[in-house]
Amino acid sequence: MVAIIDYGMGNVASVQKALNFLSVKNVITDDHDAIKAADIILLPGVGSFAQGMKNLQERNLIELLKDEVMVKKKKFLGICLGMQLIMEKGIEPHECEGLGWIEGQVVKFELEHLNVPHMGWNNIDVLNNTYYENCETKDFYFIHSYHVLPKNKIDIAATVDYGFDVVASIQRGNIFATQFHPEKSQNAGLAILKTFFGINA
Amino acid sequence: MLSKRIIPCLDVKDGRTVKGINFVDLRDAGDPVELAAQYAKQGADELVFLDITATHERRKTMIEMVKSVARQLNIPFTIGGGITEIADAEALLNAGADKISINSAAVKNPQLIEDLAKTFGVQFVVLAVDTKHINGKNIVHLNGGRLITELETESWIKQAENLGAGEILLTSMDHDGTKQGFDCDLLGKINKMINIPIIASGGAGKTEHFTEVFQKAGVDAALAASVFHYGEILIPDLKQELKRNNIPVRI
């Protein structure tokens, strides 16, 4: 059972739809017992970092998620804001502490000749192939104005060229996260989800 | 490298897609959900649905349509039409929309752009602008082009960017329905002026027009309706053509 964390930040319906399509049992929830009972935690989300942390706090989810992911080592998938929140610190719209599971911070794009948000389909470079091995294409859908800067390069699973090598994905132990939206990235996105959830093609 | 996006637009009226020629003489162009799935399969990068007769009582129909589109679609899609407040946007987001497009409501109340951006993030907020050339100026029009405003297109778009619009969907009413090509001059000018993505709209008739708008105006995305609905341009052919012209596309 996958617990898709419901904390009032964005399009959880799309994530659920992708999981349903793959016949992965899931529940959209902020209920502590349901989250404790799940084998896998999925943190989706779009919107601002500070609002995301505030919403997690209001639902008393910060300690609970830390316990499930960092202590019990449940498999974790973070998507978009769900990837950014696992860092130590964000600045959107003001400086704010994150979940702090991965060392590093989230900063705004400072690009002279490129648009912000980074929006659309972009081609990634995979550094850690664990969850990317079944992708036939490497085009994924991005939509973000902030990007993560992990302290340890070893945590970077993929980068994407948008003026420089932007971190597109993070992986460390049971934690996997993507800045792009696999649920909006057609077959390539489905391939990642299949691999992550251990579904044989 | 970031791909240029090809975006079919489905104008929806009473749950069916239609396309206006210069915004009048609507013709039926099919079931939106079916069309959406077809386009996703063909390689459309995103979809835009514009509810062109969004009245209060029809919102529920639209929400149901959004839900069924979301169930069938695994590419991003934008919903526009009749969004006047945060609650409208929230209902569409919860139904599965990735972005919302606002037009008249933003002109009447520019604060709406800022409120939406703060609540849902700038990436969620597309500002649609219908523009027409009048006496040497580009003037914003509302209500599907029927209502002229006093706003100059350039300054309105700049203001919207500052307020937090994440993307601009710019329709040239002079070019829309003509099939003579996009308004590359205006699009190029606006593109240089702002740092958020622009979707070019109005005037697509053949594949060369897409090549032209990406090369000349440098926009991020190009939108069209009838040429796709009636099969005059097939998305896989269009993308091959763009690729041959060294325009980055997702194939």
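Order of the sequence lines sets the chain letters (A, B, ...), proteins ahead of strands, with each chain counted from 1.
- Around CD of B:E34, the count of heavy atoms belonging to other residues, nucleotides or ligands within 6.0 Å does not exceed 12.
- At most 12 non-hydrogen atoms from other residues, nucleotides or ligands lie less than 6.0 angstrom from CD of A:E95.
- Between A:S145 and B:V122, some side-chain heavy-atom pair lies under the 4.5 Å cut-off.
- The number of heavy-atom neighbours closer than 6.0 Å to CD1 of B:I251, taken from other residues, nucleotides and ligands shown, is above 12.
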Does B:N195 form a side chain to side chain contact (heavy atoms under 4.5 Å, CB included) with A:V116? I'd like the steps, not just the answer. CA-CA 6 Å; B:N195 295 307; A:V116 178; over 6 Å; no
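- The line from CG of A:L114 to CG of B:D220 is 9.5 Å long, rounded to the nearest 0.5 Å.
- Residues A:Q186 and B:R250 are in side-chain contact: their nearest non-hydrogen atoms beyond the backbone lie under 4.5 Å apart.
- Nearest heavy-atom pair, A:A13 versus B:G96, reported as atom, atom and distance to 0.1 Å: CB-CA, 4.4 Å.
- Between A:S14 atom OG and B:I75 atom CD1 the span is 12.0 Å, to the nearest 0.5 Å.
- Side chains of B:L2 and A:H118 form a contact here, defined as non-hydrogen atoms less than 4.5 Å apart.
- Without hydrogens or angle criteria, A:K17 side chain to B:L73 main chain gives a donor-acceptor distance under 3.5 Å.
- Around CZ of A:F21, the count of heavy atoms belonging to other residues, nucleotides or ligands within 6.0 Å does not exceed 12.
- In this structure, NZ in A:K184 is found 5.5 Å from CZ in B:F77, a value given to the nearest 0.5 Å.
- Around the CD atom of B:Q111, the shell of radius 6.0 Å holds more than 12 heavy atoms that belong to other residues, nucleotides or ligands.
- With rounding to the nearest 0.5 angstrom, the OH atom of A:Y141 is 11.5 Å from the OG atom of B:S3.
- Residue contact with chain A, scored on non-hydrogen atoms closer than 4.5 Å, is absent for B:F124.
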Under the side chain to side chain contact (heavy atoms under 4.5 Å, CB included) criterion, do A:M119 and B:I196 qualify, and how do the steps go? CA-CA 9 Å; A:M119 186 188 286; B:I196 52 176; over 6 Å; no
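- Proximity of B:N74 to A:L190: side-chain heavy atoms (C-beta onward) are separated by under 4.5 Å at one or more points.
- Here the straight-line distance linking atom CE of B:M1 with atom CG of A:N123 works out to 11.5 Å at 0.5 Å rounding.
- B:D98 touches chain A through backbone and side chain together, each having a heavy atom under 4.5 Å away.
- The heavy-atom pair separating A:I143 from B:K99 by the smallest distance is CD1-CE, 3.8 Å.
- Annotation for A:K25: atom NZ does not count as buried by contact number, only 12 or fewer foreign heavy atoms lying within 6.0 Å.
- Remark: A:K138 NZ is packed, more than 12 non-hydrogen atoms of other residues, nucleotides or ligands lying under 6.0 Å away.
- Residue A:K72 places its NZ atom among more than 12 non-hydrogen atoms of other residues, nucleotides or ligands, all under 6.0 Å distant.
- Looking at B:A97, the atoms closer than 4.5 Å to chain A (heavy atoms on both sides) all sit in the backbone: N, CA, C or O.
- Most heavy-atom pairs under 4.5 Å with chain A: of the set B:A117, B:A95, B:G166, B:G121, this distinction falls to B:G166.
- Without hydrogens or angle criteria, A:W121 side chain to B:R5 main chain gives no donor-acceptor distance under 3.5 Å.
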